[in-house]
Amino acid sequence: MPMASGLQVTPEVARAVELLRAGELVAFPTETVYGLGADASNPAAVAKIFTAKGRPADHPLIVHLPDAAALDAWAREVPEAARKLAAAFWPGPLTLILKRQAHVLNVVTGAQDTVGLRVPNHPLALALLQQFNGGIAAPSANRYGRISPTSAAHVRAELGAAVPLVLDGGPCTVGIESTIVDLSRGTPRVLRPGAITVADIARLLGETLPAQTTEGNTPRVAGSHAAHYAPRTPLRLVAGERLADALRTELDAGLRVAVLAHTATPMSAKNLAWHAAKCDAATYAHDLYATLRTLDEADQDLLLIEEPPATAAWLAVADRLQRAACGSGEDDET
Ligand code: TXA
Ligand code: MG
């Protein structure tokens with residue numbers, strides 16, 4: 001039956017809702033990355049997320065909601081700034097950290113007094129959320145510490161049989177995870193940069209935000225561990241002007257090298273695979289995880305990535321690349 005908003009409840013969405021109600025996991029597309037969802041009010045279901053991902057139990061999950069009207073059912077003492085942000089950016093790639101309602105499960109919040117909330121901007125996710133009519137707890141649908149999935153095929157490759165159903169909504173349009181803003185203690189603070197920038201938020205709220213904090217200050221935020229979003233192949237970031245020299249050294253040492261560069265002039269050599277990335281931050285972000293996956297699968301000895309510009313527009317991409325470099329070259333067990 002078509003829904004009031006015009007979103008279609010397909011048989012796949014109906015099946016996904018059945019699975020969620022039965023306490024099973026469902027992977028679903030969002031505009032940022034694919035999520036691994038469970039009924040946020042069912043502790044046994046949420047526990048399955050941690051098992052499937054191999055994720056430490058104290059890492060809190062974002063609860064996905066069908067619309068901003070659901071905010072007060074999950075958060076208390078919601079400040080005006082949160083309502084403004086929700087009105088302006090939801091559905092969209094923005095997660096709000098707010099004080100939680102008492103019923104919100106400890107397994108969802110990592111036993112904190114706060115909860116992360118987001119309304120994703122993808123028709124399939126919204127159809128699922130509206131039909132489910134509850135909160136869906138969902139981290140990115142990758143193994144812990146690894147590259148986030150931006151297609152249904154990535155999810156299947158990451159999690160395989162651990163997920164009974166993967167809803168396929170095509171490639172994600174944004175490509176990196178949502179911006180996370182903490183509104184639970186006074187001045188809003190960005191904990192994770194994303195497509196919605198610090199400047200976008202400051203402009204909307206009419207106030208300046210503290211400069212992006214370093215990971216040491218961020219309470220249990222995704223990727224707050226330096227190593228995250230990481231390929232198995234060792235990955236190094238190199239400034240554009242030093243790329244040719246660094247590459248020559250590695251090739252001379254007999255390594256097989258893949259390069260991802262957005263400004264440097266392409267080179268060709270034996271044992272070298274050159275990938276030209278787009279030079280605008282949004283397109284680069286959109287392609288980033290799929291590109292890292294492809295490069296990782298090519299089984300090279302080293303990935304050399306040209307450092308992105310140190311500008312606000314590239315902040316989210318730079319954050320993901322630095323964390324990917326930190327955790328690269330490690331096995332799942334480490
Ligand atoms: O774009 C996204 O945000 C994607 C899609 C699926 O919505 N989700 C995502 O989830 O990136 P995840 O779990 O990979 O990263 C979200 C992070 C959590 O790991 C956690 O660190 C942070 O959000 N978070 C959730 N609740 C929090 C809280 N109460 N306080 C601080 N950080 C929190
Ligand atoms: Mg994640």
Side-chain angles (χ1 to χ4, degrees), residues 25-38 40 46 49-50 52-65 74-76 89-101 104-122 124-126 128-129 135-150 154-155 158-159 166-167 169 172-185 189-196 213 215 217-225 227-230 285 289 316 319-320 323-324 327:
L25 301 181
V26 171
F28 63 96
T30 81
E31 80 281 35
T32 58
V33 300
Y34 273 69
L36 179 61
V46 174
I49 292 176
F50 291 87
K53 280 187 62 107
R55 172 163 162 142
D58 65 347
H59 278 223
L61 302 171
I62 295 170
V63 177
H64 296 70
L65 303 175
W74 294 84
R76 63 176 209 278
F89 294 120
W90 282 356
L94 181 71
T95 295
L96 305 180
I97 307 293
L98 293 162
K99 289 189 181 153
R100 69 162 164 175
Q101 287 289 0
V104 185
L105 299 173
N106 281 332
V107 66
V108 169
T109 66
Q112 299 180 87
D113 188 37
T114 55
V115 62
L117 300 172
R118 162 165 129 81
V119 179
N121 189 15
H122 190 292
L124 211 43
L126 289 171
L128 177 67
L129 283 157
I136 300 180
S140 50
N142 50 281
R143 303 257 329 146
Y144 177 65
R146 295 295 169 195
I147 303 166
S148 300
T150 53
H154 294 166
V155 179
E158 281 279 323
L159 300 173
V166 181
L167 290 177
C172 300
T173 51
V174 173
I176 56 172
E177 301 79 358
S178 60
T179 307
I180 300 183
V181 191
D182 186 358
L183 293 143
S184 69
R185 356 176 228 180
R189 279 195 320 148
V190 171
L191 302 183
R192 179 174 70 183
I196 293 174
T213 49
E215 72 224 30
N217 305 333
T218 59
R220 294 167 171 180
V221 76
S224 64
H225 289 248
H228 224 95
Y229 317 112
Y289 290 145
D319 169 76
R320 303 312 190 276
R323 294 180 199 287

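Worth saying up front: this structure is predicted, and the values here are computed from it rather than measured. The basis for the numbers below is simple: all heavy atoms, side chains too, and nothing from hydrogens, waters or symmetry mates. Read the numbers this way: they start at 1 and go in the same order the structure lists the ligands and their atoms.
Considering backbone and side-chain N/O atoms, E177 never comes within less than 3.5 Å of an N/O atom of ligand 1. Considering backbone and side-chain N/O atoms, K53 never comes within less than 3.5 Å of an N/O atom of ligand 1.
Each of the atoms 28 (C), 29 (N), 30 (N) of ligand 1 lies under 4.0 Å from some heavy atom of Q112. Below 4.0 Å from some heavy atom of S140 lie the following atoms of ligand 1, by number and element: 8 (N), 9 (C), 10 (O), 12 (P), 14 (O). Within ligand 1, counting atoms from 1 as listed, the ones closer than 4.0 Å to a heavy atom of H64 are 5 (C), 6 (C), 7 (O). For ligand 1, the atoms sitting less than 4.0 Å from at least one non-hydrogen atom of I180 are 17 (C), 22 (C), 23 (O), numbered in the order shown with element in parentheses. Using a 4.0 Å cut-off to heavy atoms of S178, the atoms of ligand 1 that qualify are 1 (O), 2 (C), 3 (O). If you number the atoms of ligand 1 from 1 as listed, the ones under 4.0 Å from a heavy atom of R55 come out as 12 (P), 13 (O), 14 (O), 18 (C), 19 (O). Interface atoms of ligand 1 facing P60, defined by a heavy-atom separation under 4.0 Å, are 18 (C), 19 (O), 20 (C), 24 (N), 25 (C), 26 (N), 27 (C), 28 (C), 33 (C). Atom numbering of ligand 1 starts at 1 in the shown order; those under 4.0 Å from a heavy atom of T114 are 28 (C), 29 (N), 30 (N).
Counting heavy atoms closer than 4.0 Å to ligand 1, residue T32 contributes side-chain atoms (C-beta onward) but none from N, CA, C or O. Looking at K99 against ligand 1, nothing comes within 4.0 Å, counting heavy atoms.
Side-chain contact check for E177 and S140: no donor-acceptor pair (N or O, by modelled atom type) lies under 3.5 Å. With no hydrogens or angles considered, a side-chain donor-acceptor pair links T32 and R118 at under 3.5 Å.
Side-chain atoms of E31 do not come within 3.5 Å of backbone N or O of T173 as any donor-acceptor pair. Side chain of T95 to main chain of S178: no donor-acceptor pair is present (N/O by atom type, distance under 3.5 Å, no hydrogens or angles). A distance-only check finds a donor-acceptor pair linking the side chain of R146 to the backbone of A230 [under 3.5 Å]. Although no hydrogens or angles enter the test, the distance criterion places no donor-acceptor pair under 3.5 Å between the side chain of Y34 and the main chain of C172.
Using a 4.0 angstrom heavy-atom cutoff, I62 counts as in contact with ligand 1. The closest approach between a heavy atom of H59 and any atom of ligand 1 is not below 4.0 Å. Within the structure, ligand 1 lacks R100 among the residues with a heavy atom less than 4.0 angstrom away.
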Run the numbers on L25 and I49 for side chain to side chain contact (heavy atoms under 4.5 Å, CB included), then give the verdict. CA-CA 7 Å; L25 301 181; I49 292 176; 3.6 Å; yes
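Between Y289 and Y229, the ring planes lie parallel to each other; the angle is under 30°, not in the 30° to 60° tilted range.
Listed by chain and residue number, nothing satisfies the salt bridge (Lys or Arg N to Asp or Glu O under 4.0 Å) test with K53 (two or more places apart in sequence, or in another chain). R100 meets the salt bridge (Lys or Arg N to Asp or Glu O under 4.0 Å) test with no other residue; sequence neighbours excluded.
Within the coordination shell of the Mg ion (ligand 2), defined by N, O or S atoms under 2.8 Å, S148 is absent.
Of the residues listed (L96, V115, D113, T114), the one engaging S184 in a side chain to side chain contact (heavy atoms under 4.5 Å, CB included) is T114, and it is the only one.
For atom 10 (O) of ligand 1, the candidate residues are P139, P149, A141; the nearest heavy-atom contact is made by P139.
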